[in-house]
2 protein chains.
Amino acid sequence: MKNIITSSIAMLVILLGFTSCNNGNQSGGKSGALSNNIAEKVYVAPGEYDSHYAFISGGYSGNVTVYGLPSGRMFKEIPVFSQFATSGYGYSEETKPMLNTSHGFVPWGDSHHPDISQSKGELDGRWVFINENNTPRIARISLTTFETEEIIEVPNSAGNHSSSFVTENTEYVVAGTRFSVPIPQRDMPIKDYKGNFQGALSFISVAPETGNMDIKFQVLMPGFNYDLSHPGRGKSHGWFFFTTYNTEEASTLLEVNASQNDKDFIAAVNWKKIEEYVNNGGGKMMPANYAHNLYDEHTHTATSTMKKEVRVVNPIDVPGAVYFIPTPKSPHGCDVDPSGEYIVGNGKLSANLTVHSFTKMLDAIEKEKFAGEAYGIPILNFEDVLAGVVEQPGLGPLHTEFDGKGNAYTTFFISSEVVKWKIGTWEVIDRKPTYYSVGHLTIPGGNSGKPQGKYMFAMNKITKDRYLPTGPEMEHSAQLYDISGDKMELLLDFPTHGEPHYAAAMEASIIKEQSQKIYKLADNKHPYAAKSDADTKVVRNGNEVHIYMTTIRSHFSPDNIEGVKVGDKVYFHVTNLEQDFDVPHGFAVLGQNNSELLIMPGQTKSSVWEPKQVGVWPFYCTDFCSALHQEMQGYIRVSAADSDVPIKWSLGEDIE
Amino acid sequence: MKNIITSSIAMLVILLGFTSCNNGNQSGGKSGALSNNIAEKVYVAPGEYDSHYAFISGGYSGNVTVYGLPSGRMFKEIPVFSQFATSGYGYSEETKPMLNTSHGFVPWGDSHHPDISQSKGELDGRWVFINENNTPRIARISLTTFETEEIIEVPNSAGNHSSSFVTENTEYVVAGTRFSVPIPQRDMPIKDYKGNFQGALSFISVAPETGNMDIKFQVLMPGFNYDLSHPGRGKSHGWFFFTTYNTEEASTLLEVNASQNDKDFIAAVNWKKIEEYVNNGGGKMMPANYAHNLYDEHTHTATSTMKKEVRVVNPIDVPGAVYFIPTPKSPHGCDVDPSGEYIVGNGKLSANLTVHSFTKMLDAIEKEKFAGEAYGIPILNFEDVLAGVVEQPGLGPLHTEFDGKGNAYTTFFISSEVVKWKIGTWEVIDRKPTYYSVGHLTIPGGNSGKPQGKYMFAMNKITKDRYLPTGPEMEHSAQLYDISGDKMELLLDFPTHGEPHYAAAMEASIIKEQSQKIYKLADNKHPYAAKSDADTKVVRNGNEVHIYMTTIRSHFSPDNIEGVKVGDKVYFHVTNLEQDFDVPHGFAVLGQNNSELLIMPGQTKSSVWEPKQVGVWPFYCTDFCSALHQEMQGYIRVSAADSDVPIKWSLGEDIE
């Protein structure tokens with residue numbers, strides 16, 4: 001083991017990392033005159049509404065959670081990349097295909113960065129996109145149904161972290177790899193990493209009407225780690241910026257070996273230029289297996305298609321398309337101000353916060369003022385592209401957002417604070433502690449062309465003593481600040497579910513209006529739907545038994561079923577006939593090696609059951625739905641494999 | 001189909017069920033002078049603590065959620081009966097046995113009624129018990145670690161609903177079947193239900209020191225539905241009370257056919273008498289397969305044992321042990337006041353609320369004043385046991401809790417309200433609307449001998465317009481009331497996660513003090529633990545590869561691994577070496593058909609990975625843990641099945 005500790009700065013940072021939570025006074029406020037005043041600011045009285053939606057990454061839950069601001073209340077967990085037993089997502093026949101990948105069925109994901117779709121640089125509230133880090137994927141969530149509608153796998157990628165962020169008209173959702181890997185994947189020694197591994201930056205087109213995703217092209221970059229990214233906007237629309245670290249190309253003990261260089265890079269990618277190149281036939285199709293999964297809201301069913309090739313582009317084949325901007329070491333966030341002029345490289349091991357200028361970048365490119373190149377990609381001079389430096393604002397800057405009033409807000413992990421500073425003068429205006437070790441922060445629209453800056457919330461990585469304890473495992477903590485005045489005002493601590501990497505937030509009005517209440521039964525095109533009690537039936541096909549079942553307050557039809565045998569594969573296809581808002585029904589049968597179904601009004605969902613034991617087994621509605629919910633039950637008789645009990649079913653009378 | 005609608009009352013109730021949400025003014029308050037005052041009552045300022053814990057059933061999530069009161073914030077979701085991708089529960093090698101049953105691995109459950117352990121009739125804060133309804137089970141959760149420590153399956157049961165409630169010294173946790181079934185299970189026509197199906201009431205002993213559960217005996221009752229139950233306490237300690245419905249013994253269209261009888265029963269069970277009978281060798285051992293799963297906090301591993309028999313008791317063999325009290329039709333909740341004198345049968349299809357007297361019951365029994373018998377069990381006279389009636393308090397009474405100050409609070413599903421009434425005078429004192437269709441309510445300790453009555457919260461079944469909408473699917477809504485005054489005061493709407501059937505709540509002090517912060521590494525007895533970097537290794541055993549791995553800020557050891565082949569079964573055994581509170585690490589490897597691991601300080605967890613593709617695949621820490629978290633990664637090389645690449649591993653230097 002060599003070079004374990006070669007950098008005293010790295011050592012310092014490691015030590016700071018270990019002690020970041022022992023920062024004195026842990027109380028953010030006391031109840032009394034002051035906090036009572038604050039209480040009014042976050043209290044949403046019964047019957048009233050929050051003013052903002054926040055879509056918070058569930059991190060290692062694989063999901064997205066929906067919160068209201070300023071109350072900090074969680075209104076829904078939307079299953080995205082993980083099985084979700086609560087609703088049967090990833091268990092029901094209709095939703096299992098959503099979790100299909102080139103590696104087979106993957107029951108879990110690590111969601112990171114939600115981003116709301118944009119039109120003309122403003123949030124339009126149509127969709128939320130979010131990336132999966134571990135088995136690289138991008139998902140699209142509908143903001144009318146609040147359900148995951150589409151997941152596309154990202155080939156040639158590993159640790160899909162610098163994702164998912166949309167361009168200002170949602171032309172693309174962009175996904176950059178965190179880890180570089182052999183492309184294509186092949187057996188090779190890990191020690192041959194340097195110069196052989198590559199990092200793919202994927203530009204995924206979004207169809208304007210449907211939102212459907214397709215990988216337009218991948219840029220195959222040098223074997224660095226690509227950490228975070230944001231689009232240019234306004235004057236810089238057409239560009240995309242990615243932070244890199246591990247430009248040392250170390251493959252072991254990165255905590256030391258990837259902290260050697262004083263500067264890493266921001267990769268500036270002119271995607272408009274590459275798009276033109278590709279539209280003219282540039283790049284090459286490369287064999288690559290990746291899944292594309294689509295959920296259809298009329299059939300209520302997902303289908304998974306395995307794609308076989310992807311277009312890849314070598315950046316040195318497109319002169320003028322990619323440049324490296326040196327930025328202080330090991331940057332994390334890569335944030336662009338609302339005007340598109342300033343690119344903040346949040347150098348997490350740097351004492352200063354460095355801001356780069358888009359105008360200066362173009363100027364330096366035009367003048368061909370390069371400091372050198374890396375794998376054929378021109379490196380600009382740090383000074384030529386420098387807009388300004390916020391001097392010694394804190395320790396460990398990670399992420400920056402904007403209020404649209406000329407101010408920026410940066411989180412500092414090590415010194416556990418949010419610092420407000422002025423764009424242009426680079427002066428620090430305010431700083432507030434966070435509890436503890438803040439990661440991302442979110443201002444509604446704060447990374448778009450038009451921030452809706454009234455609130456900001458910090459998502460903290462360490463919770464410790466902020467809530468009543470819950471054993472060794474705690475939820476993470478977020479903190480809500482009022483940023484409408486000169487100084488930030490801490491309003492509320494609220495716990496988040498999973499690991500809140502990042503959140504996208506927006507004023508409520510558009511989404512509130514468009515939110516769908518039911519699925520129309522008339523539009524239900526599920527192949528096994530029964531649209532009335534009269535359509536219900538039980539059909540045997542070999543050892544498959546298909547039960548076309550309906551549910552409505554307060555019975556299942558049929559509710560007595562006989563003729564099923566051990567060894568059968570029994571499909572319960574349950575259609576919820578209700579057409580009233582918020583009247584789901586659930587379905588479960590005793591001893592199933594499966595989850596329940598949770599079926600919204602107008603929807604059909606299917607569960608497979610392979611009974612192993614002879615007997616008379618009950619099923620019931622799992623969602624308390626009416627005064628006679630407890631009466632909403634039935635029995636299914638399971639006979640021996642060689643039995644001659646015929647298929648029969650009934651409701652309201654005995655099977656004879 | 002016959003007898004579809006034979007009862008006009010049933011029809012009325014069905015209609016009411018359909019229209020219960022259209023009840024006029026839907027706003028519970030307006031912000032302004034009044035609500036500001038209320039805001040102060042629920043606001044917990046940053047750095048301060050909630051005064052109460054609430055353990056809320058997740059219902060069809062299969063889990064338990066931990067909330068703080070009065071803030072309504074969710075602090076943890078404890079996985080119990082369902083796979084939980086967030087932490088790897090039900091996916092990791094250590095926790096998969098927790099979900100084993102006689103039906104095999106069951107990934108989901110329907111949790112219902114949490115109950116905190118008691119000593120001398122008071123909450124002692126040691127454990128929370130909760131039932132699984134679908135595949136009948138009872139779980140025990142530790143309130144030092146907030147983890148599920150034990151799950152026992154309940155044989156001969158189906159729809160384990162009248163569960164889980166503890167006796168006043170936690171001698172037993174009691175589980176009653178909702179559905180009656182053939183006992184033992186066997187192939188028989190559903191139409192032969194009446195007189196042939198039976199309902200099992202299970203008395204599960206709890207070891208005083210460890211909490212370990214064992215089914216002491218099951219009482220095999222007539223084939224009714226057993227809905228809810230509560231223990232006697234104080235003077236009635238030694239008895240247990242169960243509501244029954246479907247005493248008609250219908251097996252189809254219960255919404256009509258189980259609503260025929262004007263009265264159903266409360267089954268009063270003298271468990272002390274049956275315990276004595278059993279201790280003297282009474283009852284008989286019956287073959288029955290059921291799983292008993294125990295999690296060991298030192299090995300950090302669960303084991304599942306399949307038990308082979310259970311002791312069953314025929315109630316008519318134990319004279320004086322079981323009686324039926326007639327109670328108004330189709331009762332739901334069965335609640336006993338703090339003194340143990342009054343048993344409330346919440347007749348959900350009744351206009352009145354009927355209270356039975358324990359003293360009168362004993363008197364009638366002594367005088368052998370019986371109205372008849374059902375399957376050999378004596379039926380008491382309704383009037384003989386009547387304590388009083390709360391006249392026309394509302395529509396659809398479901399559940400009652402107590403404040404310890406002589407008052408009771410009953411929820412009314414159909415009229416959507418909570419009604420406060422006085423024990424003894426039976427007069428209504430106050431009523432407050434709920435939004436909408438309230439099910440259970442909880443007062444901390446409100447169903448024990450010593451309620452801690454400052455707050456009450458109602459758990460509503462229908463949400464509709466209470467929050468910003470989230471498409472067709474909404475979280476359920478709870479409402480918090482201040483009950484310290486004569487009139488109830490609505491304080492807060494807060495969403496719950498999953499379906500909040502019931503909750504157990506308690507003042508925070510005891511649990512807050514005992515909550516465990518870490519697992520001691522020195523106590524870690526996991527067979528694959530590596531307790532320092534020096535203990536890490538990779539061992540091949542046939543096609544199994546065991547990786548003894550450690551994790552600490554900010555590296556894995558080893559972080560370069562070679563010699564793994566396609567077709568291998570690779571076990572990552574990851575030990576978190578941290579000994580600091582709230583520093584978990586996570587582990588995931590690209591493309592795994594599994595979830596991540598979330599590993600608490602001092603813990604070891606294991607994930608199995610069966611790589612299918614040759615390549616060099618990254619793994620990383622999934623929980624942002626330090627300033628150098630992003631550097632916390634490694635690579636594992638997968639070679640072809642016939643490759644001769646040897647097993648090697650390293651940290652900080654290349655594998656040569």
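Quick note on labels: first sequence line is chain A, next is B, and so on, each numbered from 1. These numbers come from the heavy atoms of this one structure, side chains and all, not from hydrogens, waters or symmetry mates.
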- In terms of heavy-atom proximity below 4.5 Å to chain B, should A:P136 be classed as side chain, backbone, both, or neither?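 Contact with chain B involves the side chain of A:P136 alone.
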- Of the backbone (N, CA, C, O) and the side chain (C-beta and beyond), which part of A:P469 lies under 4.5 Å from a heavy atom of chain B, both, or neither? both
Say whether, by atom type as modelled, one donor and one acceptor occur between the side chain of [X] and the main chain of [Y] under 3.5 angstrom.
{"X": "B:D582", "Y": "A:I462", "answer": "no"}
{"X": "B:D187", "Y": "A:G615", "answer": "no"}
{"X": "A:T86", "Y": "B:G498", "answer": "no"}
{"X": "A:Y60", "Y": "B:S595", "answer": "no"}
{"X": "B:R73", "Y": "A:D493", "answer": "yes"}
{"X": "B:S515", "Y": "A:G471", "answer": "yes"}
{"X": "A:N560", "Y": "B:S251", "answer": "yes"}
{"X": "A:K464", "Y": "B:F581", "answer": "yes"}
{"X": "A:Q613", "Y": "B:S102", "answer": "yes"}
{"X": "A:D559", "Y": "B:L253", "answer": "yes"}

- So B:Y635 and A:Y193, would you call those rings parallel, tilted or perpendicular, with 30° and 60° as cut-offs? perpendicular
- Message: Please verify the inter-ring angle class for B:F624 with A:F413; under 30° counts as parallel, over 60° as perpendicular, anything in between as tilted.
- Response: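 Rings of B:F624 and A:F413: tilted, as their planes differ by 30° to 60°.
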Does any part of the side chain of [Y], heavy atoms only, come nearer than 4.5 Å to the side chain of [X], both counted from C-beta?
{"X": "A:R637", "Y": "B:P189", "result": "yes"}
{"X": "A:R553", "Y": "B:E255", "result": "no"}
{"X": "A:I518", "Y": "B:P472", "result": "no"}
{"X": "B:I38", "Y": "A:P46", "result": "no"}
{"X": "B:V66", "Y": "A:E475", "result": "no"}
{"X": "B:E596", "Y": "A:D110", "result": "no"}
{"X": "B:E631", "Y": "A:S330", "result": "yes"}
{"X": "B:T622", "Y": "A:W108", "result": "yes"}

- If you tally heavy-atom pairs under 4.5 Å between each of A:G104, A:G159, A:P107, A:S82 and chain B, the highest tally belongs to A:P107
- Query: Do B:Y467 and A:E48 have side-chain atoms, one donor and one acceptor, less than 3.5 Å apart?
  - Reply: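 Absent: no donor and acceptor within the cut-off.
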- Item | Polar side chain donor-acceptor pair, B:N225 to A:Q633, under 3.5 angstrom | yes
